[in-house]
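Working notes, beginning with the structure itself.
Values reported hereafter were calculated over all heavy atoms of this structure, with side chains retained and with hydrogens, waters and symmetry mates removed. As the structure lists them, so they are numbered: ligands from 1, and atoms in each ligand from 1.
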Amino acid sequence: MHTLNRDLSTYVKQAFIDAGYGDSYGSVKVSDRIDLADYQCNDAMAVAKAMRCNPFDVAEAVSARLQDCPAFRSVSVARPGFINLRLNDEYLAQRMNHMRSDDNLGFVHCDNPCTIVVDYGGPNVAKPLHVGHLRSAIIGETMKRLARYLGNNVIGDVHLGDWGLQMGLVITEIKRRWPDLVYFRPDFTEGMDETLSISAEDLYNIYPTASQTAKEDPVYMAEAQEATLMLQNRHPGHYALWKNFMQISVRDLKASYAELSVDFDTWYGESDSDAYVNDMVEGFISGGFAHESEGALVVDVALETDSAPMPPCLIRKSNGAMLYATTDLATIVQRVKDYNPDKIWYLTDSRQTLHFDQVFRCAKKTGIAPETLQFEYLPFGTMNGKDGKPLKTRDGGVMRLSDLIQMMHDAFADKCRSSATADSEQSEALDGMNAESDEIARLVGNAALKFGDLVNHRTKNYVFDLDKFMSFNGKTGPYLLYTVVRIQSLLRKAEERGLKYGPILPAASDTERNLMLELNKCSTILLTALEEKAPNYICESLFNCASVFNKFYYENRILDEADEARRSSWLTMLSLIRDIMKQQLWILGIDVPEKM
Ligand code: ARG
């Protein structure tokens, strides 16, 4: 099965060929004027320009050749040369039946599937997840699922921050607090280590103290830098201590991500690239790419064509320590060796644009990345509070993911309590629910959070508005869940009554026809979302499907419909809507509860 766009374009393209205009014309798009047409083709204007003729005549000639095409109810021409296409109802219904019997619900794979590494999440060991990491996880997870669902071979890697100065800071602070730990003994050797009796929570307060102290105290900072270097040189005590708190932190991170239904294929960190650093740096030197600058080793990456200054890429500090760019470059070496990917996608907030520019240029210049490897940086904006500044806790601290999840959870509990007095939509959704339905609360909170994020274009900043995100009305996660749950409940009732499913019939009303059109657009929308790396298209599509479905639901008494063929057709259509919406929600990382 092909997308509706593609099938319609094939017909129109053939008409352009038959009319003598060659094979480069005929692509269609959803009409800008749905009062006039479902789809339209604007290529008559392009032909007219290329062949110096009248676009209206071109459109007329093409349209004449489409009059008998079974896909169209009508084909008409509007000045200066728009070809307006109205789809035939039988044709639409037939496509719906194909979608229902298709294993992939009519969703088609992308044209050139390839191997993609998605580098997302990027949490730092010993630091709690904050909202910046949250967006990376939400958007990255979606891009990973989307690319994979559309046929690509995708590897999602968390790329832990576990090797830089922050590790030295944590070690320094642990040493200050517990100087007698075995790790700090000069005679420490492997095997002497003891289990650290600190919790993830302890670690999360150790790091901010350390980072604050280092800012104020140069001696402390020097110590932390020294500790970083010792770790990178695998000093036995530091290394053993690091391994220990790594474990504590990673366990906690995994639990947080699980709450969010985010999961990674690999849990590599910056430290895993260490094995590749020495050879890589040697290569940079022997290849004449790297040179010393004020004691540090750098690779120049500026180009003559640059309009803004492009500082050199820092590879090694004067004290010998490796930097953020070094680990990113060595990770490229590792990924090329392990997967030979066609693409690597990186997701961080837009403040790292310069860093990735430098890294990509350096990788290409030095040849560690093959010519064909495409680096793509997918930056995103910040999640702000209502004051327009990055979201903070009430007392002004960094908003942690766990705080956020708790907030969503509480908001849901409030809603359950107030549902008796709330609007009918909400109380219907929450009928029989109570705040103790933990798993449902998690799913609703998750949907609210993710949808509230993904509905905005990736690069935009947006305001975290709990009430809006949690509402059961409007363009929200809960509204979508509620719609799918409504369909599920209808289908359950149908089953209890022993009602039968039948082939999908041509639409009996405009609303039903619109519903079919919306569902037919979904496949194209997934492809566009992948192409443009913009999950917000999927959100819009879901919202449109849900809105039209709910209109259809209010206009019809589906289960009580007397005409059996019609009712059976509706049941099949309902099952298709449910599956399509669930599939799209799954791509967004949103799971649907059976009941609410
Ligand atoms: N750990 C980094 C941070 O918190 C993000 C890592 C992004 N990925 C990468 N390959 N550099 O800023």
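- Between Phe264 and Tyr120, the distance separating the two ring centers is shorter than 6.0 angstrom.
- Of the residues listed (Asn153, Ile587, Asp265), the one engaging Arg148 in a side chain to side chain contact (heavy atoms under 4.5 Å, CB included) is Asp265, and it is the only one.
- The six-membered or imidazole ring of Tyr479 lies near that of Phe543, with a centre-to-centre distance under 6.0 Å.
- Ligand 1 has no nitrogen or oxygen under 3.5 angstrom from a nitrogen or oxygen of Tyr346.
- Here is the list of ligand 1 atoms found below 4.0 Å of a heavy atom in Thr348: 7 (C).
- At least one N or O atom of Gln352 sits closer than 3.5 Å to an N or O atom of ligand 1.
- Close to ligand 1: His133, with a non-hydrogen atom less than 4.0 angstrom away.
- In terms of protein heavy atoms, atom 6 (C) of ligand 1 is closest to Tyr324 OH, 3.4 Å.
- Checked against a 3.5 angstrom limit, the closest N/O atoms of Asp328 and ligand 1 fall inside it.
- Remark: the Glu173 side chain and the Thr213 side chain contain no N/O donor-acceptor pair separated by less than 3.5 Å.
- Donor-acceptor pairing under 3.5 Å is lacking for the side chains of Thr382 and Arg135.
- For an aromatic pair to be called close, the ring centres must be under 6.0 Å apart, and Tyr239 with Phe188 fails this.
- Remark: minimum distance from atom 8 (N) of ligand 1 to any protein heavy atom is reached at Asp119 OD1, 3.0 Å.
- Cation-pi contact between Lys254 and Trp267: present, with separation from the ring centre below 6.0 Å and deviation from the ring axis of at most 45°.
- Using a 4.0 Å cut-off between heavy atoms, Phe356 contacts ligand 1 through its side chain alone, with no backbone atom that close.
- The N/O atoms of Pro123, backbone and side chain alike, include none that comes under 3.5 Å of an N/O atom in ligand 1.
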